[in-house]
Amino acid sequence: MSLKIKSNSHFDTISVIQEALLKWYSNNGRHNLPWKVNDIYKIWISEIMLQQTQVKSVIPYYQKFIQKYPTISDLLKAKKNDILKLWSGLGFYRRAENIFKTCEILKKKHNGKLPVNYDDLILLPGIGKTTASAILTFSGNGAYSILDANVKRFLSRLLRIENTTKNNKYLWDYSTLLLPNDKASEFIQAYMDIGSMICTPKKPNCGICPVVKYCISHTKGFLNSNEINKPKIKENNIWVMVLVNSKNQFFLESVNYNGLWRGLYSSPLFKNYGELSDWIKIHNIELNKEHTIWKFVHHLSHIKFSFNVIFYKVKSNKKISLSPDNWYNLSNIEFGMPKYQNKIIDKYKSINDYN
DNA sequence: TATTCGTGGCC
DNA sequence: TGGCCAAGAAT
């Protein structure tokens, strides 16, 4: 591999950068994050939660999770819905499913414990290269480098190459090359901290960067290469039939929307009004003056949903044919709900003086 | 390899 | 204030 860092001696430069990052981290890094503990189980949970999710958003979810499941053996007894409930609101719910799947695998193949070697760990669902490396390195089980969004941005600027997927292999090799064998745990944390605190996406704070001397972008100018490969945001309509009975119970069912919000529960969803119309006919529901409509917009990273919500109070004397098993009191729900459902419930409460 | 997974912080 | 982006992985 050819090193692009400017120096007469590449290997001297590597050790200088290593020391500069470690010293900066020692003085300025994030040392007090709640998952900075010597417990591979807690590190695992934190690393899954932190995938594509900001530290600030993760902290309360992490704390609630660890409070309910302090050890891996506690978690092994959990049901999938228990985990999804703790996850609801955090997003990317496949991660919660993967934690449950991992528990099943650990019970069958690993004596109820997380493996502490790379080859076994990366086979577990939801654990890729960066997550496996972080779990092992932070828990003191080896020295493996990472390439998360922070490191990608930091290294691509340092080397002045485009921050694109086609450079992933080069950046992975470089990330590994720069990793010191001793203090690897501190170093990968320094990697991420400098990315999130100094080498930020917009207006990087080069004035206090410990390796600004070696940064080719700082000398030759930054590449503006982040415009490529941005998936377009689709716009979709979605219809929701919100049914509430006389006991203030909500009719909820498992979400089935092309895999979106899988495993969570919500009021029945429909792709268009026709599907909703068919559904209410089948269940002998007639819309009349008892219903109200509410529209709101709910953004995902790749879809802009325009929600069309019908609130409908079900009277007990009607011939409506709805399964008696799907009515739930909001106070003791044992599964997770998508964020839009919470918005809908909040709206219902504000309309109906619900308590 | 390009998409598909949620939600909220941040400016 | 609307748009960018986040401790990525699976397919």
Side-chain angles (χ1 to χ4, degrees), chain A residues 29-30 33-36 42-62 84 87-99 101-102 121-138 144-154 163-169 171-172 175 185 187-197 199-204 224 226-234 236 238 255 257-264 266 297-305 307 336-343:
Chain A
R30 297 176 289 188
L33 296 169
W35 41 86
K36 291 279 135 197
K42 294 178 181 174
I43 294 169
W44 166 50
I45 297 299
S46 74
E47 290 301 330
I48 301 297
M49 286 187 169
L50 286 160
Q51 290 168 357
Q52 291 289 286
T53 311
Q54 291 186 356
V55 167
K56 197 162 191 172
S57 302
V58 165
I59 287 176
Y61 283 86
Y62 171 82
L84 280 163
W87 213 271
S88 67
L90 192 57
F92 287 152
Y93 299 99
R94 183 187 302 160
R95 298 181 291 178
E97 281 192 72
N98 284 336
I99 284 178
K101 286 182 187 171
T102 293
L121 200 57
I122 203 165
L123 289 178
L124 296 171
I127 298 182
K129 291 168 68 178
T130 287
T131 302
S133 298
I135 292 171
L136 290 175
T137 306
F138 283 143
Y144 301 90
S145 203
I146 59 172
L147 193 68
D148 74 323
N150 290 307
V151 180
K152 270 195 81 176
R153 185 175 57 252
F154 169 68
N163 185 2
T164 53
T165 52
K166 70 178 170 62
N167 283 328
N168 270 8
K169 175 163 175 32
L171 291 167
W172 260 112
S175 172
S185 176
F187 190 79
I188 64 171
Q189 188 64 51
Y191 254 162
M192 290 190 282
D193 285 2
I194 197 144
S196 69
M197 299 167 69
C199 202
T200 49
K202 292 168 185 175
K203 296 184 180 179
N224 48 351
N226 266 344
E227 308 303 323
I228 316 167
N229 288 339
K230 282 238 170 87
K232 275 193 175 176
I233 295 178
K234 301 174 186 172
N236 275 343
I238 189 165
V255 178
Y257 204 85
N258 295 340
L260 205 49
W261 301 294
R262 188 173 62 214
L264 305 185
S266 106
V297 175
H298 184 72
H299 287 271
L300 279 62
S301 52
H302 56 306
I303 305 174
K304 176 186 177 184
F305 277 114
F307 272 80
M337 294 190 299
K339 206 65 184 176
Y340 69 78
Q341 182 69 20
N342 290 105
K343 292 182 183 177

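Here the structure is a predicted model, which is why all the values come from computation and not from measurement. A, B, ... follow the sequence lines: proteins, then strands. Residue 1 opens every chain.
Across C:dA7 and B:dC5, the matching P atoms stand 22 Å from one another, rounded to whole Å. Separation of the P atoms belonging to B:dG8 and C:dA9 is 23 Å when rounded to the nearest angstrom.
Backbone-only contact: A:Ala149 has heavy atoms under 4.0 Å from sugar-phosphate atoms and none from a base. Residue A:His298 is in sugar-phosphate contact alone, with no base atom involved, counting any heavy-atom pair closer than 4.0 Å across all strands shown. Residue contacts for A:Trp35: at a heavy-atom cut-off of 4.0 Å it reaches a base atom on one of the strands shown. Residue A:Gly89 is in sugar-phosphate contact alone, with no base atom involved, counting any heavy-atom pair closer than 4.0 Å across all strands shown. Counting any heavy atom pair closer than 4.0 Å across all strands shown, A:Leu33 reaches a base atom. Within 4.0 Å (heavy atoms only), A:Ile127 reaches sugar-phosphate atoms of the nucleic acid but no base atom.
Checked by atom type and distance alone, the side chain of A:Asp193 pairs as donor or acceptor with a backbone atom of A:Arg30 at under 3.5 Å. Panel note: side chain A:Thr53, backbone A:Val58; no donor-acceptor pair is recorded below 3.5 Å. A donor-acceptor contact shorter than 3.5 Å is absent between the side chain of A:Thr137 and the backbone of A:Ser185.
Side-chain contact annotation: A:Lys152 with A:Asn168, donor-acceptor N/O pair under 3.5 Å present.
A straight line from CD1 of A:Ile303 to C1' of B:dT4 spans 8 Å, rounded to a whole angstrom. Taking atom OH of residue A:Tyr61 and atom C1' of nucleotide C:dA7, one finds them 18 Å apart after rounding to whole Å. What separates CG of A:Leu50 from P of C:dC5 is a distance of 20 Å, to the nearest Å. In this structure, A:Ile233 places its CD1 atom 15 Å from P of B:dG6, rounding to the nearest Å. Distance, A:Asn163 CG to C:dC5 C1': 12 Å, rounded to whole Å. Residue A:Leu90 contributes atom CG, which lies 16 Å from atom P of C:dA6 at whole-angstrom precision. Here the P atom of nucleotide B:dC5 and the OH atom of A:Tyr257 are 11 Å apart, to the nearest Å. To the nearest angstrom, C1' of C:dG8 lies 16 Å from CH2 of A:Trp44.
For A:Lys202, there are no salt bridge (Lys or Arg N to Asp or Glu O under 4.0 Å) partners, not counting sequence neighbours. A search for salt bridge (Lys or Arg N to Asp or Glu O under 4.0 Å) contacts involving A:Lys169 returns A:Asp173, not counting sequence neighbours.
One cannot find a donor-acceptor pair under 3.5 Å joining the base of B:dG8 and the side-chain atoms of A:Thr53. Between the side chain of A:Gln189 and the base of C:dA7, a donor-acceptor pair under 3.5 Å is found. Donor-acceptor pairing under 3.5 Å, judged by distance alone, is present between the side chain of A:Ser301 and the base of B:dG6.
Contact check, A:Lys234 against B:dT4: a side-chain N or O comes under 4.0 Å of OP1 or OP2. Between B:dT7 and A:Tyr93, a contact under 4.0 Å exists linking OP1 or OP2 to a side-chain N or O. Side-chain N/O atoms of A:Ser196 include none lying less than 4.0 angstrom from OP1 or OP2 on C:dA6. Within the structure, every side-chain polar atom (N or O) of A:Lys129 is placed at least 4.0 Å from both OP1 and OP2 of C:dG8. The phosphate of C:dA6 (OP1 or OP2) has no side-chain N or O of A:Gln54 nearer than 4.0 angstrom. Contact annotation: A:Trp261 side-chain N/O to B:dT7 OP1/OP2 distance is under 4.0 Å.
Of the residues near DNA chain B, A:Lys56 and A:Gly91, the one whose nearest nucleotide (by heavy atom distance) lies more toward the 5' end is A:Gly91. Taking the nucleotide of DNA chain B with the nearest heavy atom to each of A:Lys203 and A:Leu260, the more 5' of the two is matched to A:Leu260.
Closest to the side chain of A:Leu300, from the set C:dA7, B:dG9, B:dG6, is B:dG6. Distances were taken from every side-chain heavy atom of A:Lys339 (C-beta onward) to each of B:dG6, C:dA7, B:dG8; the shortest belongs to B:dG8. For A:Ser57, the listed nucleotide lying nearest its side chain is B:dG8; candidates were C:dC4, B:dG8, C:dA7. Closest to the side chain of A:Thr131, out of B:dG9, B:dG6, C:dG8, is C:dG8. Considering only the side chain of A:Arg94, B:dC5 comes nearest among B:dC5, B:dG8, C:dA7.
Taking the six-membered ring where the residue is Trp, A:Trp261 and A:His298 present tilted rings, their angle falling between 30° and 60°.
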